Amino acid sequence: MAVADVVKLIQENDVKFVDLRFTDTRGKEQHVSIPAHVLLEDADAWFERGHAFDGSSIAGWKGIQASDMLLMADPATARIDPFFDEPTVFMHCDVIDPADGKGYDRDPRSIAKRAEAYLKASGIGDTAYFGPEPEFFIFDSITWGTDMSGCFVKIKAEEAAWASAEEFEGGNMGHRPGIKGGYFPVPPVDSSQDIRSAMVLLLEELGIPVEVHHHEVATAGQNEIGTKFSTLTQRADWTQILKYVVHNVAHSYGKTATFMPKPIVGDNGSGMHVHQSIWKDGQNLFAGEGYAGLSDTALYYIGGIIKHAKALNAITNPGTNSYKRLVPHYEAPVKLAYSAKNRSASVRIPHVASPKARRIETRFPDPLANPYLCFSALLMAGLDGIQNKIHPGDAADKNLYDLPPEEDKLIPTVCASLDEALAALDKDREFLTRGGVFSNEWIDAYIELKMQEVNLTRMTTHPVEFAMYYSL
């Protein structure tokens, strides 16, 4: 969509406001709105000059002494917002540093664009395709509290296995998925069909192709909407729109949705498996005659991801809660191995009928990850594997959760905590900084930002500690 198309979209739909959106380091979209007439007065000039804002108010970004930043709207991303009362067009923006006119080194979308440019400059390929699968929960309500007197969290979900003894207005109908029983009985056990369908229709209205939707394994409303793969930056844009739609449709139904990786204890958490492939001149470089139909290029790409997995964890699994998901026996991949069949491996090769669809699936990321940063980091690790011919070794076709101890100790694992992952990122960062994709300053700022989260949880007394220590 060109600038003229945006003007036409605004005029034909009597749009009153333009909403400018960008993503912060943690992955949350931020926005500012302007009256549509501000853009229409001179659209070409408006798109060229951008919209000024205060970057110092964004966590992990510039200090107040260097806070002026510009939002440069991408006209190709213009869409009509389906939730606002007043007709509003929204667009994704790049954050530009006015000092040099370039993408700000801490702007996630600019990092994604630099990763795509680095791929082309490397000569390895010209296009990287990504297909994430973010899972999420829909609850009826949630309450929590944290203060000096103590802390608690309480999830209310009529669909939850623990709700069988509760009284509800209209009665307790008794149809609900048990623990690990949500994949995937028909309604009324699956209570989310209609709300997922509403989400799907809005996503397709917004131009995001949907391939499937279904209930996921966990009780209490775990769901997934599968959308089509696309190029790195566009696919990250789509992921942000998917999160926005999921949150707001749930809200409109009087419910609450979360992409938190492990909101409930004792059942599966929410992952974000990420499918990836690299193409050049219209050819899929991952298709070949090797293991599971992979090329050497694809195997080296896997080797790079496995080599850098612990550093990647800091970006692909960026919360303290992420590591409550990465434990054995809850379908979360903790072993750094690859396989064509084995879902306990960190990298899986999906079975496909056509070489054009050949790809690899990295299974340890979760939907708390900032998609721009997650996809860029995975690409940089994979490219390092290709450039240095890092072979991942033999595939693992056994159940990696139940190996004999002597075999188990030979297979490396993902990180067990966010602070471990941040330490790994601090030591293993060079592959990310190639081509100026990520800067050392960004990595330092990111580690500092995330260590604040680590220290907050370290200092907060946990209710489980009372169960373990109160009477000792």
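Fair warning: this is a prediction, and the values are worked out from it, not measured in the lab.
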key: Under the salt bridge (Lys or Arg N to Asp or Glu O under 4.0 Å) test, residues paired with Asp190 that sit two or more places apart   = Arg196

query = For Asp94, which of Lys113, Lys102, Arg114 qualifies under salt bridge (charged side-chain N to carboxylate O under 4.0 Å, His left out)?
reply = Lys113

query = How many angstroms lie between CG in Leu285 and OG in Ser295, if you round to the nearest 0.5 Å?
reply = 7.0 Å

request  = Would you indicate whether the side-chain heavy atoms of Ser346 and Val414 approach each other to under 4.5 Å?
outcome  = yes

query = Side chains of Leu294 and Ile302: closer than 4.5 Å at any heavy-atom pair?
reply = yes

task = Scan for side chain to side chain donor-acceptor pair (under 3.5 Å) pairs involving residues 302-311, sequence neighbours excluded, and state none if there are none.
result = His308-Asp384, His308-Asp428, Lys310-Glu420

With Gln387 via side-chain hydrogen bond (donor to acceptor under 3.5 Å, both in side chains) - residues at least two apart = Tyr118, Arg434

key: Heavy-atom side-chain contact between Leu425 and Lys450 under 4.5 Å   = no

query = Can you name the residues that form a side-chain hydrogen bond (donor to acceptor under 3.5 Å, both in side chains) with Gln222, not counting sequence neighbours?
reply = Ser270

task = Evaluate the side-chain proximity of Tyr104 to Trp61: yes if any heavy-atom separation is below 4.5 Å, no if none is.
result = yes

message = Between the side chains of Glu453 and Arg26, is the shortest nitrogen-to-carboxylate-oxygen separation below 4.0 Å, so that they form an ion pair?
response = yes

request  = Can you run down the salt bridge (charged side-chain N to carboxylate O under 4.0 Å, His left out) pairs that involve residues 358-369, sequence neighbours left out, and say none if there aren't any?
outcome  = Arg348-Glu361, Glu361-Arg363

request  = List the atom of Phe83, the atom of Tyr244, and the distance in Å for their closest heavy-atom pair.
outcome  = CD1-CE2, 3.6 Å

task = Please say which of His215, His213, His214 ends up in a ring-ring contact (aromatic ring centres under 6.0 Å, His included) with Phe184.
result = His214

query = Could you give all pairs that pass the salt bridge (charged side-chain N to carboxylate O under 4.0 Å, His left out) test and reach residues 69-84, with sequence neighbours left out?
reply = Arg21-Asp81, Asp74-Arg109

message = By the salt bridge (charged side-chain N to carboxylate O under 4.0 Å, His left out) test, which pairs, at least two apart or in different chains, include something from residues 288-302?
response = none

ask   = According to the ring-ring contact (aromatic ring centres under 6.0 Å, His included) rule, which pairs have a member within residues 333-377, sequence neighbours left out?
value = Phe130-Phe375, Tyr291-Tyr338

Geometric class of the Tyr129/Trp279 ring pair [parallel <30°, tilted 30-60°, perpendicular >60°] = perpendicular

query = Rounded to the nearest 0.5 Å, how far does SG of Cys93 lie from CD of Glu29?
reply = 10.0 Å

ask   = How far apart are the closest heavy atoms of Gly123 and Lys280, and which atoms are they?
value = O-NZ, 2.7 Å

task = For Phe84, check ring pair (Phe, Tyr, Trp, His ring centres under 6.0 Å) against everything at least two apart and list the hits.
result = none

ask   = At their closest point, which heavy atom of Pro177 faces which heavy atom of Thr219, and how far apart are they?
value = O-OG1, 2.7 Å

request  = Please examine the side chains of Ile241 and Phe90, heavy atoms only from C-beta on, and report whether any two atoms are closer than 4.5 Å.
outcome  = yes

message = Within the structure provided, determine whether Ile278 and Thr297 are in side-chain contact (heavy-atom separation under 4.5 Å).
response = no

task = Please list, chain by chain and in numerical order, all residues satisfying side-chain hydrogen bond (donor to acceptor under 3.5 Å, both in side chains) with Asp419, sequence neighbours excluded.
result = Ser417, Arg458

query = Hey, what do you get for CG (Asp107) to CG (Leu70), rounding to the nearest 0.5 Å?
reply = 11.5 Å

Residues forming a side-chain hydrogen bond (donor to acceptor under 3.5 Å, both in side chains) with Asn13, sequence neighbours excluded = none

query = Between atom CG of Leu119 and atom CD1 of Ile124, what is the distance when rounded to the nearest 0.5 Å?
reply = 7.0 Å

query = Would you say Ser439's side chain and Asp105's backbone share a donor-acceptor pair under 3.5 angstrom?
reply = no

ask   = If you look at every heavy atom in Leu336 and Thr413, which pair is closest and at what distance?
value = CD1-O, 3.2 Å

key: salt bridge (Lys or Arg N to Asp or Glu O under 4.0 Å) partners of Asp426, counting only residues at least two apart   = Arg429

For the student: nearest non-hydrogen atoms of Arg106 and Trp442, plus distance = CA-CD1, 3.4 Å

